2 protein chains.
Amino acid sequence: MATIGDVARHAGVAASTVSYVLSGKRSISPETRQRVQASVDALGYRPNASARALASHRSNVLALVIPLRAGMHVPVMMQFATAVVTSARRYDHDVLLLTADEGATGLERVQQSALVDAVVVMDIELHDERVPLLRALDLPSILIGFPLDAEGLTCIDLDFVRAAELCVDHLAGLGHQRIGLLGTPSAVYERQTGFAHRTREGFRAAVARHGIHGLETPCEPAHEAVMATVEQLLREEPELTGLVVQNEPIIGPLLDVLRSLGRRVPEDMSVLAICADDVAEGQRPRLSSVAIPAEEIGQQAVELLISKLDGLAPPAGTLVPAVLTARASSGPAPQLDRSTTA
Amino acid sequence: MATIGDVARHAGVAASTVSYVLSGKRSISPETRQRVQASVDALGYRPNASARALASHRSNVLALVIPLRAGMHVPVMMQFATAVVTSARRYDHDVLLLTADEGATGLERVQQSALVDAVVVMDIELHDERVPLLRALDLPSILIGFPLDAEGLTCIDLDFVRAAELCVDHLAGLGHQRIGLLGTPSAVYERQTGFAHRTREGFRAAVARHGIHGLETPCEPAHEAVMATVEQLLREEPELTGLVVQNEPIIGPLLDVLRSLGRRVPEDMSVLAICADDVAEGQRPRLSSVAIPAEEIGQQAVELLISKLDGLAPPAGTLVPAVLTARASSGPAPQLDRSTTA
DNA sequence: ATGAAAGCGCTAACAT
DNA sequence: ATGTTAGCGCTTTCAT
């Protein structure tokens, strides 16, 4: 491997000049720049990452803490992760993978060994144990998700409160009076995961505001569980005509279950999902949904982090606006013939 | 952050002694060792990763190339990834995430900048473009999957040929005469992904050996596609009584489709899956299956890689044995009343 | 069994 | 606009 010294000799300049040509941190005459660039190309020079990090106190590596906890939906996680890696590369950074089970220890370790410059933390709980650590650690960070107390931290997430509200507003606008929230697996609520709680919050508030009736239930991702949960919901509220689903893996089974129960979508039952657009469009009927823009959030997360590394002070909280797309799964509330016979 | 010099001063020894205590690369008197260890603990010393890498020519970081290509099943990928990270940590290594879309460039980059010591490459195609590069690059590597020409490379994977054989043997042993292989999305075959091709190979060979009739088809992961594919299969072969599935996301829909077509599992149709055990057990009926031991493969991959870094020459190819677990979805071939009426 | 000292390859003052 | 030089914090000879 060629070193910066080799390049300098080849170009007939000082090593520092090569460094400055590469970093652009001071002005270089066009001729010198060209000569150096030619030598770099000729030798196939690539700076040694460790040497650079040691001298500059910057590793150009971000840590990504990926949780793999019970009830999490993996494909969505991976969309975030991919977006983070892709965006990081655009800013000349690489991404180190930290699993959540190494937990707080892992964060401390990578910080103290100066392995990474900053960290992206996913799957934030309302009372996340990593939050105090992050505040103490002097490691620039961005949380994808909001803890209850976000003081001093930079966070970004979809506006889940608004997402739920949009769903309820949409259903209420279509005349639905009794609707349900089919949520994440219960483990997710028990961990007090931010997005699930905030969705529930928004659902409650909107239902109250519209003066309509709202039921909430978690749901495990298995066909049987979906069946049981839907039946339970219909037992509690036979006149249920609308469903908001925040649980990607059960979407398919849910539609099957409704079919097998003889409830047509959207004629008898309107279904709204909070899920990735491609998932919504892959269903039959195509689901009206509020999208989870993982790509956009991951990208913005990296941009916020980079701006912190550049010494800027980005906004502490970024709520990505929720957008509802009406498709084929939601329609006017049915006239409740059923109510007279039930 | 404390440096090795701080620790040395605190313990009253030379920096090199601290280094040797930490690395165990030369013998140290028990007293010195203790004193140094105490100072390390007292100061909370953690070696600077860049300095260490620069001096030792070892970054203690592995790269993991994760593909996110069309048709891939994400949760399985993540199981591999998690196993790799967890195992790497056990050998005091971290893992850098490389997405496949950076492709060969990414491998070259991390190698030339000495960012990583070695690389784990997933989702190998029969004629993988990264294979010649890997051979040229002088970067220790392990492939999870076998290219057609694995000369000079270290590979590991489940024995998919055997996995398919086991499934066919099982069905043939139960008297099934006409069976189908419901495979991955066609994009996966078109890319000539190793595991999909090898499964097909094994299926063909076993079917021929048993002198029974075998149908093969790819299948896209959407309810409608599953329905269409199954109907097509039954049209071609009305007396089909056994199905081997290598396509995790369609397992749920497949069972629904069979139900809606009035085919009971396993009375009318035996279903065998090649998938993770928990997926097989999460279905109703529980699926007879050949497990994909992602955990084990990921772990072994890292161990092989570490042994290479230690200068050993591990076996070039490791085929993890396929194991079939019979559960509730497979049974004796039905007496074909249907054949007389069809 | 331990110390001293020379780098590893780069960046960033500090020159001029 | 460019060169000189002093580190960054560690590992590893080379000494003893």
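Side chains are part of it too, since the values below use all heavy atoms of this structure and drop only hydrogens, waters and symmetry mates. Numbers restart at 1 for each chain; the letters A, B, ... are given by sequence-line order, proteins then strands. Model, not experiment: these values are computed from the prediction.
- A:R109 has a carboxylate O that lies under 4.0 Å from a charged side-chain N of B:D94, or vice versa, which qualifies the two as a salt bridge.
- No more than 12 heavy-atom neighbours from other residues, nucleotides or ligands sit within 6.0 angstrom of CG on B:D138.
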| request: Let me see the working for A:D157 and A:R198 under salt bridge (Lys or Arg N to Asp or Glu O under 4.0 Å), right down to the final yes or no. | output: CA-CA 11 Å; A:D157 207 353; A:R198 294 227 159 68; over 6 Å; no
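- A salt bridge does not link B:R69 to B:D101: none of the charged side-chain nitrogens sits closer than 4.0 Å to a carboxylate oxygen.
- Side-chain atoms of B:T17 do not come within 3.5 Å of backbone N or O of B:V13 as any donor-acceptor pair.
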| note | Reading nucleotides 9-16 of chain C from 5' to 3' and marking B where a protein heavy atom lies under 4.0 Å of the base, S where only the sugar-phosphate is that close, and - otherwise, the string is BBSBBB--
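- End-to-end axis angle of the helix from C:dA1-D:dT16 to C:dT16-D:dA1, using five pairs per end and rounding to 10°, comes to 30°.
- A salt bridge links B:D149 to B:R135: at least one charged side-chain nitrogen sits closer than 4.0 Å to a carboxylate oxygen.
- Remark: A:D159 CG to A:L319 CG distance equals 4.5 Å, nearest 0.5 Å.
- Between B:S29 and C:dA1 there is no side-chain polar atom (N or O) within less than 4.0 angstrom of OP1 or OP2.
- Proximity of B:L134 to B:L153: side-chain heavy atoms (C-beta onward) are separated by under 4.5 Å at one or more points.
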